[in-house]
Amino acid sequence: MDLEEAYQVVGEFGRHQKRMVTILVLLQIYMACQTMLIILVGAVPEYHIERVTGDPHDDITQSVKFTKDVSSIVTEWYLIKHEAYKVNLAGSLFFAGVLIGNVLFGPLSDKIGRKPVFLTSLFFEVLFGYGTALAPSYEVFAVSRLLVGMMNGGMALVCFVLTQEYVGKSYWALTGTLTNMTFAVGIALFAALGYYVQPWRNLAAAANCPGLLLFLLCVTLPESPRWLYSRGQTEKAEDILKDFAVRNGKGRIPVKLRRAVSTSTPDASSPGVFQLVTHPILRWRTVVLMYVWYACSLVYYGLTLSASEDKGNRYLSVAMYGLVELPAYPLCMYFINKQWAGRRKSMANFLAFAGVSCLLTMFVPTSNGRSLLSATSLALVGKLMVSAAFNIVYVYTSELYPTVIRNAGLGVCSMSCRVGGILAPFVPSMKSLHTSMPFMVFCLSGISAGCLGLLLPETLNKPAAETLDELSSPTYQRILQPQVNMSMTEL
C-alpha cells in the first residue's frame with residue numbers, strides 16, 4: 001500500500017494523533033509569547049526631561065522623568081531619543097534570528113530527521129529565553145533575542161510540519177488551521193499575562209515557563225513516518241504506523257508500504273535547498289511563494305506591532321489584535337475546502353482584501369470616537385484578512401512541496417517571511433513621514449501578493465507528491481497542468 005492508504009488503515013486522525021497534535025498546537029502559545037514579547041517589555045511610557053543647571057560654568061545635565069510607573073527595557077536602560085531605535089532593533093533581531101534558524105534547521109531536518117532538530121531547537125530556545133529575563137544590559141538582551149529567534153525559527157517550522165505529517169492528508173487543513181488559530185489565542189493570553197505580571201523581567205520569565213513543560217511532553221513524540229518513508233526507511237515508518245494503529249484502538253494491523261521511488265538517483269535520494277533552484281517546477285513555485293510569505297509577514301506583524309502605538313490600554317489593544325484573528329480560521333476552513341474557491345483563490349482574495357482594508361484607513365480619521373468606521377477598526381479588519389491568508393499559505397505551501405523536500409521549501413519560504421518580520425517593527429514608525437505611509441506599504445504588499453498568488457496551481461483534492469520523481473511524473477503533471485494554465489490566464 002502507499003502512504004495515504006496506510007494512514008486510512010491505521011487512522012488518519014485517531015486519538016493518539018490527536019494527543020500528539022494537541023501538544024504541538026499548544027506550543028503555539030509559547031511561540032506567540034516569545035514573538036510578541038517586545039511589544040510589552042519594550043513599552044515606552046510618556047516622559048519629560050528636566051534641565052538642571054549645575055556648576056559655575058553653567059553646564060546643563062538632563063534628568064529623565066517617566067510620568068507612569070512602567071517596568072520595561074525602556075525605563076531600565078533609558079532607551080529614548082537617540083537610543084529609541086534599540087527597541088525596534090531588538091524586535092528585528094528576533095526575526096533575524098528566526099530567518100537564520102529557518103535557513104539552518106529547515107534543510108537540516110530534511111536530512112537528519114524532524115525530531116532531533118525539533119527537540120534541540122526547543123531546548124535551547126527555552127534556555128536562551130531565561131537569558132532574556134536575566135539580561136544585565138541591553139546588549140545581552142539583544143543577543144538573547146537573536147538566539148531565541150534562531151531556535152524559534154528551527155523549532156516552529158518543524159513543529160508545523162509534524163502537525164501535518166502525523167496525520168492523513170485530508171486533515172492537513174484542519175491541523176494547520178488549529179496551529180495558526182492557537183497562535184492568535186497565544187497573543188491574547190500573552191496580553192493577559194502582561195497585565196498581571198508587569199515587571200518586564202518577571203514577564204519574560206513567566207512567558208518562557210510553558211516551553212519547559214512542553215519540551216518534556218515533546219520528548220515522547222515519534223519521528224515523522226512520512227519523513228522516514230521519503231528517506232527510504234520503510235521498515236521504521238511501518239513500525240510507527242503500526243504503533244499508531246494500536247494506540248488508536250485498531251489493534252495490531254499489518255502495514256506493508258510500497259517502496260519509495262526516491263532512491264533511483266543521487267539527486268532524488270539526497271534533495272536539498274539547491275533543488276528549489278534547479279528543479280523547473282519548484283523554482284517558479286518557490287519564487288512566488290517567497291513573495292507571498294514576505295507580504296503576509298510584513299502586513300501581519302506590522303499591524304500587530306502597531307497595537308503598541310494605539311492610544312489607551314496597551315494590553316487591551318494587543319489582546320484585540322490577537323482575538324480578531326479567530327473568525328478568520330472558520331472562514332479559511334469553509335473556503336479552502338470548496339471546489340469553487342480552493343486554496344489558491346481564497347489566499348489571493350484574502351490578501352487583496354487585507355490590502356484594500358489598509359488602503360481605506362487613509363480615508364478615515366485616526367480616532368473617530370465610538371464610531372465603528374475608524375482607522376483602528378479597519379486595521380483590525382485588515383489583520384483578520386491577512387491572518388486568513390497567512391493560515392492558508394502555511395497549508396497551501398505544505399501541499400505544493402513533496403515530502404522529501406517539504407521542510408527545505410517551507411524553510412526558504414519562511415526565510416523570506418522573516419525578512420518581512422525584520423522590517424515590520426520599523427514600518428509603524430514611518431508615521432513620522434506621513435500618517436498614512438505604513439498603511440500604504442501594507443496595502444501595496446497585500447494586493448501585489450494576492451495577484452502573484454494566482455500563478456500557483458490549485459491543490460484541493462489533488463494528491464500530494466512524496467518525492468521529486470513523483471512531482472515530475474507525467475501523471476502528476478496532467479493532474480495539475482490545467483490548473484497552472486488557468487492560473488496564468490486569470491492573472
Side-chain angles (χ1 to χ4, degrees), residues 1-28 113-115 118 158-182 217-218 220-231 233-260 329-330 332-339 342-343 391-392 394-404 406-407 410 458-467 470 476 479:
M1 64 181 75
D2 64 25
L3 203 54
E4 291 306 325
E5 290 173 342
Y7 271 101
Q8 290 175 8
V9 170
V10 306
E12 287 191 281
F13 196 35
R15 63 192 184 197
H16 179 55
Q17 286 137 306
K18 288 176 182 176
R19 285 193 291 266
M20 295 190 297
V21 169
T22 297
I23 295 172
L24 295 172
V25 165
L26 287 176
L27 262 174
Q28 298 298 314
R114 315 299 199 212
K115 184 176 178 179
F118 170 69
V158 185
C159 176
F160 179 82
V161 170
L162 285 175
T163 63
Q164 307 275 280
E165 296 188 348
Y166 281 152
V167 303
K169 185 178 183 296
S170 60
Y171 286 92
W172 283 10
L174 174 62
T175 57
T177 298
L178 286 173
T179 298
N180 293 322
M181 183 171 65
T182 308
L217 294 174
C218 288
T220 63
L221 298 178
E223 182 56 88
S224 163
R226 290 185 184 273
W227 178 83
L228 290 170
Y229 178 72
S230 70
R231 302 298 292 183
Q233 302 180 40
T234 310
E235 293 80 6
K236 292 183 180 179
E238 290 171 349
D239 291 340
I240 292 176
L241 289 170
K242 290 175 185 176
D243 184 60
F244 282 5
V246 172
R247 292 173 182 266
N248 286 337
K250 294 182 178 291
R252 297 188 178 277
I253 298 176
V255 177
K256 189 64 177 176
L257 294 175
R258 191 176 297 125
R259 293 285 174 177
Y329 301 108
C332 288
M333 293 298 293
Y334 176 78
F335 284 110
I336 66 177
N337 290 312
K338 294 296 180 182
Q339 195 66 43
R343 275 69 159 147
N391 177 63
I392 295 171
Y394 265 96
V395 177
Y396 192 27
T397 303
S398 294
E399 295 176 345
L400 285 170
Y401 285 108
T403 299
V404 73
R406 183 169 295 127
N407 243 30
L410 278 167
E458 181 56 70
T459 57
L460 177 63
N461 298 328
K462 303 295 189 299
E466 299 293 338
T467 66
E470 189 176 334
Y476 189 81
I479 294 172

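Put simply, CD1 on I336 and CH2 on W172 are 13.0 Å apart, with the number rounded to the nearest 0.5 Å. Here the OG1-CG distance, from T234 to D239, works out to 11.0 Å after rounding to the nearest 0.5 Å. Rounding to the nearest 0.5 Å places NE2 of H16 at 5.5 Å from CG of D243. For the atom pair CG (L174) and SG (C332), the distance works out to 12.0 Å, reported to the nearest 0.5 Å. Here the CG atom belonging to L24 is positioned 5.5 Å from the CG atom belonging to L221, to the nearest 0.5 angstrom.
Smallest separation of non-hydrogen atoms from P225 and A237: O-CB, 3.6 Å. When all heavy atoms of K169 and T459 are compared, the pair lying nearest together is NZ-O, 4.1 Å. Considering every non-hydrogen atom in both N337 and M333, the closest pair reads ND2-O, 2.9 Å. The nearest pair of heavy atoms linking N180 to Y329 is O-OH, 3.1 Å. The minimum heavy-atom distance linking L410 with V161 is given by the pair CD1-CG2, 3.3 Å. Taking each heavy atom of T163 and T175 in turn, the nearest pair found is O-OG1, 3.3 Å.
A 6.0 Å sphere centred on NZ of K236 holds no more than 12 heavy atoms belonging to other residues, nucleotides or ligands.
Between the side chains of N461 and Q339, at least one donor N or O lies within less than 3.5 Å of an accepting N or O.
The shortest distance between side-chain heavy atoms of Y166 and P222 falls below 4.5 Å. Two residues are said to be in side-chain contact when any heavy atoms from C-beta on lie closer than 4.5 Å; Q28 and C159 meet this criterion. Residues L27 and F118 are in side-chain contact: their nearest non-hydrogen atoms beyond the backbone lie under 4.5 Å apart. Considering only heavy atoms from C-beta on, S398 comes within 4.5 Å of F160 through its side chain. In this structure, the side chains of V21 and K18 stay at 4.5 Å or more apart for every pair of heavy atoms. The side-chain heavy atoms of S170 and F13, taken from C-beta on, include no pair separated by under 4.5 Å.
Within the 3.5 Å criterion, the main-chain N or O of R15 finds a donor-acceptor partner in the side chain of N248. Counting only distance, with no hydrogens or angles, the side chain of Q17 and the backbone of E12 share a donor-acceptor pair below 3.5 Å. No donor-acceptor pair under 3.5 Å is formed between the side chain of K242 and the backbone N or O of P254. Checking side-chain atoms of R406 against main-chain N and O of Y401 turns up a donor-acceptor pair under 3.5 Å. Panel note: side chain T397, backbone Y394; no donor-acceptor pair is recorded below 3.5 Å. The backbone N or O of V395 sits nowhere less than 3.5 Å from a side-chain atom of Q164 that would complete a donor-acceptor pair.
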With salt bridge (charged side-chain N to carboxylate O under 4.0 Å, His left out) as the test, would you mind laying out the steps for E235 and K256 before giving the verdict?
CA-CA 8 Å; E235 293 80 6; K256 189 64 177 176; 5.9 Å; no
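A salt bridge links E399 with R343: the closest approach of a Lys/Arg side-chain nitrogen to an acidic carboxylate oxygen falls below 4.0 angstrom. A salt bridge is absent between R231 and E223; no separation between the charged side-chain nitrogens and carboxylate oxygens falls under 4.0 Å. Ion pair R114/E165 flagged as a salt bridge, since at least one NZ, NE, NH1 or NH2 atom sits closer than 4.0 Å to an Asp/Glu carboxylate oxygen.
Applying side chain to side chain contact (heavy atoms under 4.5 Å, CB included) to L241 and the options L3, V9, L228 leaves one that passes, L3.
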